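Numbers restart at 1 for each chain; the letters A, B, ... are given by sequence-line order, proteins then strands. All values below were derived from every heavy atom in this structure, side-chain atoms included, with hydrogens, water molecules and symmetry-related copies excluded. Remember, predicted model here, so these are calculated numbers, not experimental data.
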Amino acid sequence: MDKAIFTFIDRCVACKGCEIACAVEHSRAKSLFGALAESPHPRPRVRVENAGVHSYPARCMHCEDAACIAACPMGAMTRNAATNAVYVDESKCIGCWMCVMVCPFGSVSADPVAKKAFKCDRCPDRTARGEDPACVAACPTRAMIYATPEELAAHRRQATAMNAAGKPVARVAGNVDLWRSLKGGTQK
Amino acid sequence: MKIVIIGNGPAAVAAAEAARELDGHCGITMISKEAVPFYSPCPLAEYVEASVPRDHLFLRDEKFYRDQDITTFFGHPATAIGTTARRVTVGSGSDAAELPYERLLIASGARAIMPPIPGLAGTPGVFALKTLADADGIVARLPAARRAVVIGSGFIGLEAAQALVRRGLAVTVVEALSQVLPQMLDAEMAALVETRLRDHGVDVRVNSPAEAVLGGQAGVSAVRVGGQEIPCDLVVCAVGVRPDLSLLAGSGISTATGILVNEFMETNQPDVYAAGDIVEGFDRQGQRRVLPIWPNAVNGGRIAGGNMVAARTRSFRGLDGINVVRIFDLPVASFGSSAGERSLRYAGNGILKKLSLSSGRVVGAQFFGDVNATGLYHELMNKGVDVGSFESELLSPGFGYGCLIPRPPLPTRLAA
């Protein structure tokens, strides 16, 4: 399967680094200082939300059977054939907000200035270069990882097995320390 | 397998694509009274407004039908359905053709309601805004038009009014009921919409049923309302749409307001399916409804298309009743009922949001000025989520999906 962004909710510390990285990635300048000078300011497509005792970096789930694609009367909501990510073709979007009405996660918003639907595009430029999406790369606690479901499952199995054997766990591909996530704390 | 589809709108095309994806070899024939390829009727007001070019309306081109190996009868209306002989008649008289089917989908949509107002039918310069031909007609008349009357203040009527204002016309909207958007909003919300329309130069008249359309063969000259004549050169009649059942006479297909379908999009006749604006199906709460909106058409079409190839493999979770309209760029949305046991309210910065709750569940919403996360509230209603534990956060600006995540247990160390 294709890669997706997975969240380890207990690791998010609400630093909002993902929000800044997302806004910068979607700026024209693609740098923080350049982005600050742009008008209107580029806005993040990920939002850290309160989730009880935790926080949660909410963004588009790129649903397999995406309600927003079915609902778009302009054919503007599109799936990227290479990455399977769902994105807005701004040349077609007329800002009717039907996608906003049907997204069960509240992850498509109405951009009042551009009058275009606004959502996570999972950073096609970055992933084409083999990099993680900006939010994932920016997260200092690795609360998000970009991996296939199979990779995620394999890594977690490995971490559990290593744990049962009392052996230290190597950092897995992408430098993701799933061990810490499973343990929920630092390893002794 | 021979599949015949009557219609060429979102439900028809979604069904054809779903059937073709499952079966590369089945015969698919599409019949449409309109001669053009699949286009979206949703941005017709924007096309009139000239903010969306005509070619952007078309979502498929002729090549699509060839590539998908679909036989087309476009510009030739289906005129009769024989459910016993399993045939559809296309055209009439000497041009008539009989098409046999093994599976039939009726997705021929709705038609604009033209109320029996004297002079409305047949007077040049009077249009609905339902089809591309209607929109082309309005666009062609614009150079000679200075004043317009829009009959009806549903979302099509208001979109038309806005488009005509932006094309430089003086526009009057006449509404028979006591408020605008009567199907969509309560009186308080509607008053905000009326104010915004007036601020942008629209003459809004509620409690004002149109009594007569005046004019002759030269064209419309006025609309009479409450005994008073409102001069105009253009009339848009937008009092709603209704499933077009004219084709079904003698077919034995059961109907009420629309064609009655079950969750598989089956009609009462064997191997005859229906989808799109013509159906009367069940909403998520199990009520029979006619809900002619784009997402219902696409989703219903996909279900019907799949089931025509492999019976009862797909079922519909229910029609959605959601509304969204922009009033001079300000979004306004609603779903469900405004008559809950209690109402939550948020007001500020020109925004008004109301949520209706009953038994701790969301039963409806109305939003003016900000529609973000409407889909999330709609999902809370559809799933019947008990919102009691986070009710105070529901309309706060920080509310989002994260608030719904069940609190996970605090991390515990695994035994070494």
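- The two residues Met101(A) and Asn323(B) make their nearest non-hydrogen contact at CE-O, 3.3 Å.
- Minimum heavy-atom separation, Pro73(A) to Ser40(B): O-OG, 2.7 Å.
- Remark: Glu150(A) CD is packed, more than 12 non-hydrogen atoms of other residues, nucleotides or ligands lying under 6.0 Å away.
- Heavy atoms closer than 4.5 Å to chain A are found in the backbone of Ser334(B), but not in its side chain.
- Minimum interatomic distance between Val100(A) and Val371(B) (heavy atoms only, all atoms of both residues): CG1-O, 3.3 Å.
- In terms of heavy-atom proximity, Ala70(A) sits nearest to Asn299(B) at CB-OD1, 3.6 Å.
- Atom CD of Glu393(B) and atom CD of Glu49(A) lie 10.5 Å apart (nearest 0.5 Å).
- The choice from Gly95(A), Pro112(A), Ala58(A) that makes the most heavy-atom pairs within less than 4.5 Å of chain B is Gly95(A).
- With chain A as partner, the option from Gly398(B), Ala373(B), Pro10(B) having the largest number of non-hydrogen pairs under 4.5 angstrom is Gly398(B).
- Between the CG atom of Asn50(A) and the CD1 atom of Ile405(B) there is a distance of 10.0 Å, given to the nearest 0.5 Å.
- When each of Thr374(B), Val324(B), Asn382(B) is checked for heavy-atom pairs under 4.5 Å with chain A, Val324(B) comes out on top.
- Only the backbone of Cys72(A) comes within contact range of chain B, judged by heavy atoms closer than 4.5 Å.
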Practice prompt. List the steps and the verdict of side-chain contact (heavy atoms from CB on, under 4.5 Å) for Tyr401(B) and Arg59(A).
Written response: CA-CA 9 Å; Tyr401(B) 178 68; Arg59(A) 79 237 154 237; over 6 Å; no
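- Heavy atoms of Ser55(A) lying under 4.5 Å from chain B are absent altogether.
- For NZ of Lys383(B), the number of neighbouring non-hydrogen atoms (other residues, nucleotides, ligands) closer than 6.0 Å is 12 at most.
- Within 6.0 Å of CZ on Phe316(B) lie more than 12 heavy atoms contributed by other residues, nucleotides or ligands.
- Proximity to chain A involves both the backbone and the side chain of Pro43(B), based on heavy atoms less than 4.5 angstrom apart.
- Between Cys93(A) atom SG and His56(B) atom NE2 the span is 12.0 Å, to the nearest 0.5 Å.
- Residue with the most contacts toward chain A among Phe58(B), Tyr377(B), Trp294(B), Tyr39(B): Trp294(B) (heavy-atom pairs, distance under 4.5 Å).
- Counting heavy-atom pairs closer than 4.5 Å to chain B, the top-ranked of the candidates Gly106(A), Ala67(A), Cys96(A) is Cys96(A).
- Residues satisfying the ring pair (Phe, Tyr, Trp, His ring centres under 6.0 Å) test with Phe328(B), not counting sequence neighbours, are His200(B).
- Within 6.0 Å of the CG atom in Asn349(B), the count of heavy atoms belonging to other residues, nucleotides or ligands does not exceed 12.
- At least one side-chain heavy atom of Asp65(A) sits under 4.5 Å from a side-chain heavy atom of Arg302(B).
- Comparing Ile94(A), Val102(A), Val48(A) by how many heavy-atom pairs each has under 4.5 Å with chain B, the most go to Ile94(A).
- Atom CD of Glu21(B) has 12 or fewer heavy atoms from other residues, nucleotides or ligands within 6.0 Å.
- If you take CG on Asn372(B) and CH2 on Trp97(A), they are separated by 8.5 Å, rounding to the nearest 0.5 Å.
- Per-residue heavy-atom pair counts under 4.5 Å with chain B were compared for Cys103(A), Cys68(A), Ser91(A), Gly75(A), and the maximum is reached by Cys103(A).
- Listed here is the closest heavy atom pair of Phe399(B) and Arg47(A): O-NH2, 2.7 Å.
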